[in-house]
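Below is one structure; the comments refer to it alone.
Since the structure is predicted, the reported quantities are computational estimates derived from the model, not experimental observations. Sequential numbering from 1 along the given sequence is applied to the chain's residues.
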Amino acid sequence: MDQRVAELEKRAQPYRAGRDILPVLEVITTVVHDSPGDDGKYRTRMSDDQIGRYLRAARRHRALLLLNIQPGRADFLAEVKAYRKWLQEADVGIALDPEWAMDAGQIPGHAYGHTTGAELNDVADYLAEIVRARHLPEKVLVYHQVARSVVRHENAVTGHAGVVLIKSVDGLGAPGPKVDTYRLVNRGTPRHVHAGFKLFFTEDRRNGGRLMNPREVLALRPRPEYIMYE
């Protein structure tokens with residue numbers, strides 16, 4: 001774990017561009033499955049022992065920990081509430097994966113999921129309440145978006161005191177199509193939502209593709225403030 005965080009810190013240096021670098025560990029804590037499980041929700045949750053291990057690693061490097069939610073047929077807000085114990089910590093935030101949010105009758109891996117601006121607001125309101133009640137610093141809420149259809153009625157997303165909203169665009173593939181996806185998905189992004197960009201070590205290199213370099217990523221408009229490697 002410490003070796004991976006050290007690698008992350010080294011990889012982040014070319015992105016500094018006059019800014020302070022804040023390392024982040026984003027860990028999938030609610031994991032989607034293609035089988036329903038005992039409760040029919042098509043997801044399982046990471047144990048407290050495992051989350052604690054990631055949080056200790058993050059703290060050794062003064063990093064943030066983001067709990068990533070792939071909800072299956074569960075509701076985003078219900079999954080976020082299940083981690084309240086951890087969200088009461090100053091250095092723990094949330095990341096949402098709407099492409100894995102299924103409607104009734106849909107099976108993960110066989111359908112494309114989605115969320116709405118209203119659902120994002122519900123999660124942000126919940127985080128803001130924790131920040132107020134515990135007198136915490138701002139919390140991060142990332143929502144990943146691989147296509148425009150994944151977040152519906154995004155213009156309904158409002159600002160929330162104590163919560164920083166980030167949209168991470170997750171387009172796959174070679175630089176050309178990846179940049180096109182970034183531009184398309186960012187059309188209509190609310191002005192108070194910060195830009196994020198995701199790079200895939202494996203998927204971006206398939207079929208003759210390559211990993212974009214920091215100079216190319218920083219040239220994107222809007223310039224990403226959250227840059228994620230998977």
Side-chain angles (χ1 to χ4, degrees), residues 8-9 11-28 63-69 76 91 93-101 113-121 123-124 127-128 137-201 203-204 209-230:
L8 180 155
E9 291 174 315
R11 190 173 291 277
Q13 291 305 314
Y15 291 101
R16 184 178 293 278
R19 301 174 294 182
D20 292 332
I21 291 171
L22 177 59
V24 177
L25 296 181
E26 185 175 322
V27 181
I28 302 172
L64 294 182
L65 177 66
L66 298 187
L67 310 180
N68 181 292
I69 310 294
F76 270 132
D91 46 0
I94 285 290
L96 306 178
D97 256 332
E99 65 185 280
W100 297 111
H114 66 89
T115 190
T116 65
E119 288 177 321
L120 295 176
N121 282 334
V123 174
L127 294 179
E138 289 181 316
K139 284 200 174 293
V140 173
L141 171 57
V142 173
Y143 58 98
H144 291 279
Q145 193 168 352
V146 68
R148 293 195 72 185
S149 62
V150 167
V151 180
R152 302 176 181 177
H153 311 295
E154 188 181 8
N155 59 352
V157 176
T158 59
H160 302 264
V163 178
V164 177
L165 288 158
I166 300 171
K167 174 162 76 173
S168 179
V169 178
D170 293 358
L172 296 168
K178 198 173 179 77
V179 171
D180 288 342
T181 298
Y182 185 76
R183 291 170 177 163
L184 177 64
V185 172
N186 269 308
R187 291 178 186 172
T189 301
R191 295 188 66 178
H192 52 273
V193 175
H194 300 262
F197 190 67
K198 190 171 181 180
L199 296 153
F200 296 85
F201 287 116
E203 290 86 345
D204 287 354
R210 63 174 177 83
L211 206 62
M212 290 176 65
N213 62 50
R215 178 181 54 80
E216 293 171 314
V217 173
L218 291 176
L220 293 169
R221 294 294 180 268
R223 187 170 76 166
E225 297 176 62
Y226 180 65
I227 298 157
M228 181 178 179
Y229 282 85
E230 179 177 300

As a quick check of understanding, evaluate side chain to side chain contact (heavy atoms under 4.5 Å, CB included) for Ile166 and Val140, giving each step before the final call.
CA-CA 7 Å; Ile166 300 171; Val140 173; 3.8 Å; yes

Give every residue pair that meets the ring-ring contact (aromatic ring centres under 6.0 Å, His included) criterion with at least one member in residues 161-181, sequence neighbours excluded.
none

Atom CZ of residue position Arg183 - does it have more than 12 heavy atoms of other residues, nucleotides or ligands inside 6.0 Å?
no

Got a second to check how far [X]'s [atom1] is from [Y]'s [atom2], nearest 0.5 Å?
| X | Y | atom1 | atom2 | answer |
| --- | --- | --- | --- | --- |
| Leu218 | Ile227 | CG | CD1 | 5.5 Å |
| Glu203 | Lys198 | CD | NZ | 8.5 Å |
| Glu154 | Thr189 | CD | OG1 | 4.5 Å |
| Ile69 | Thr115 | CD1 | OG1 | 12.0 Å |
| Gln145 | Leu96 | CD | CG | 12.0 Å |
| Glu225 | Ser168 | CD | OG | 12.0 Å |

Search all heavy atoms of [X] against all heavy atoms of [Y] and return the closest pair with its distance.
| X | Y | result |
| --- | --- | --- |
| His114 | Ser149 | CB-O, 3.7 Å |
| Ala124 | Val163 | O-CG2, 3.6 Å |
| Val150 | Pro98 | CG1-CB, 3.3 Å |
| Phe76 | Ala101 | CE1-CB, 3.9 Å |
| Leu8 | Pro23 | CD2-CB, 3.6 Å |
| Pro222 | Ala195 | CG-CB, 3.9 Å |

Assess the residue pair Glu119 and Arg152 against the criterion (salt bridge (Lys or Arg N to Asp or Glu O under 4.0 Å)); give the C-alpha distance rounded to whole Å, side-chain angles, the decisive distance to 0.1 Å, and a yes or no.
CA-CA 10 Å; Glu119 288 177 321; Arg152 302 176 181 177; over 6 Å; no

Let me know which of Leu141, Thr158, Leu120 forms a side-chain contact (heavy atoms from CB on, under 4.5 Å) with Leu165.
Leu141

Sub-6.0 Å ring centroid separation between Phe197 and Tyr226
no

Donor-acceptor pair, distance only, cut-off 3.5 Å: does the side chain of [X] make one with the backbone of [Y]?
| X | Y | answer |
| --- | --- | --- |
| His192 | Val157 | yes |
| Asp91 | Leu65 | no |
| Asp204 | Ala174 | no |
| Lys167 | Pro190 | no |
| Arg215 | Met212 | no |
| Lys178 | Gly171 | yes |

Partners passing side-chain contact (heavy atoms from CB on, under 4.5 Å) against His153 (at least two apart in sequence or in another chain)
Asn155

By side-chain contact (heavy atoms from CB on, under 4.5 Å), Leu22 pairs with (sequence neighbours left out) Leu64

Quick one, [X] and [Y] - any side-chain contact, counting heavy atoms below 4.5 Å?
| X | Y | value |
| --- | --- | --- |
| Asn186 | Val169 | yes |
| Val217 | Tyr15 | yes |
| Phe200 | Leu211 | no |
| Leu199 | Met228 | no |

Between His144 and Asp97, a side-chain donor and acceptor under 3.5 Å
no

Kindly determine whether Val142 and Ile94 satisfy side chain to side chain contact (heavy atoms under 4.5 Å, CB included), including the steps that lead there.
CA-CA 6 Å; Val142 173; Ile94 285 290; over 6 Å; no

Can Glu216 and Arg210 be counted as an ion pair, charged N to O under 4.0 angstrom?
yes

